[in-house]
Amino acid sequence: MSTSDSLSDTDGTVLEEYVLGVRIVETDGAGDDYRFEAPDHVGIAFDSLEDARLYADVYFDVNGFVEADTGARGVPPEIIQAGKDTLAAYLLTLPWADTNWVASFYGVTPTDIDRYRSWVHDRAEEIRAEVTTQDLE
């Protein structure tokens, strides 16, 4: 995962567009080929589309968060406050963490971590559907 402060429509191809101006863009970068973009959010790039999608799910699960300067201050407070399943999903998007590491961190099995990931995904889907249903954009 890397960060970028400059975002442009010409910097890649939009792969997925979500509600509220959130999207995943495929770039032609070396290594980090998928960028998560949202209003008032620093651009975050991933080498895996799966990680970018999971990051988008975490973003919706906590109703957005500020990632800028997180490297200097740790995990965004909104994610910590959301609970262990959301924190586990967020940790999975970091380049140095995988399912086994996160499972070890929590003292649970990789199956539990997969379950946490699915809970975050399901909640994010519900939130996006509700935004669409209520025409909140």
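This is a predicted model, so every value here is computed, not measured.
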Exercise for the section: Mind listing the closest non-hydrogen atom pair of Thr93 and Phe46 along with its distance? Expected result: O-CE2, 3.5 Å
Problem - Between Arg117 and Thr99, a side-chain donor and acceptor under 3.5 Å - result: yes
Problem - From CA spacing to verdict: salt bridge (Lys or Arg N to Asp or Glu O under 4.0 Å), Arg23, Glu17 - result: CA-CA 4 Å; Arg23 63 190 191 168; Glu17 269 191 278; 5.2 Å; no
Problem - Nearest atoms (heavy-atom pairs only) where Leu91 meets Ala97 - result: O-CB, 3.2 Å
Completion exercise
Shortest non-hydrogen pair, Glu78 vs Val62, comes out as O-CG1, 3.7 Å
Handout entry: Tyr106 and Leu87, any side-chain heavy atoms less than 4.5 Å apart
Key = yes
Handout entry: Glu50, CD atom: more than 12 neighbouring heavy atoms under 6.0 Å
Key = no
Completion exercise
Closest heavy-atom pair, Pro39 versus Tyr59, reported as atoms and distance to 0.1 Å, is O-OH, 4.0 Å
Problem - Donor + acceptor pair across side chains of Asp61, Thr86 (<3.5 Å) - result: yes
Problem - Polar side chain donor-acceptor pair, Asp112 to Thr109, under 3.5 angstrom - result: yes
Fill in the blank from the handout: For Phe105, the ring-ring contact (aromatic ring centres under 6.0 Å, His included) test, sequence neighbours excluded, returns Trp101
Handout entry: side chain to side chain contact (heavy atoms under 4.5 Å, CB included) evaluation trace for Asp98 with Leu92
Key = CA-CA 6 Å; Asp98 63 13; Leu92 289 170; 5.6 Å; no
Problem - salt_bridge(Arg123, Asp85) N-O dist < 4.0 Å - result: yes
Problem - Ion pair Arg128/Asp57, N-O distance below 4.0 Å - result: yes
Completion exercise
CD1 (Ile44) and CG (Asp51) are apart, to the nearest 0.5 Å, by 12.5 Å
Problem - Heavy-atom pair of closest approach, residues Tyr34 and Ser48 - result: CD1-C, 3.6 Å
Handout entry: Val131 side chain reached by Tyr18 side chain, heavy atoms, under 4.5 Å
Key = no
Practice task
Starting from the C-alpha separation in whole Å, work towards a yes-or-no answer on side chain to side chain contact (heavy atoms under 4.5 Å, CB included) for Ile79 and Val58.
Solution key: CA-CA 8 Å; Ile79 293 171; Val58 169; 4.0 Å; yes
Exercise for the section: Could you verify whether a donor N or O on one side chain and an acceptor N or O on the other, from Lys84 and Tyr116, lie under 3.5 Å apart? Expected result: yes
Problem - Ring-ring centroid check Phe36 Tyr55, cutoff 6.0 Å - result: yes
Problem - Working for side chain to side chain contact (heavy atoms under 4.5 Å, CB included), residues Val25 and Glu37 - result: CA-CA 8 Å; Val25 176; Glu37 298 180 353; 3.7 Å; yes
Exercise for the section: Using modelled atom types only, decide if a donor and an acceptor are shared between the side chain of Thr133 and the backbone of Ala129 within a distance under 3.5 Å. Expected result: yes
Exercise for the section: Walk me through it: do Glu125 and His121 pass the test side chain to side chain contact (heavy atoms under 4.5 Å, CB included)? Expected result: CA-CA 6 Å; Glu125 285 290 320; His121 174 73; 3.6 Å; yes
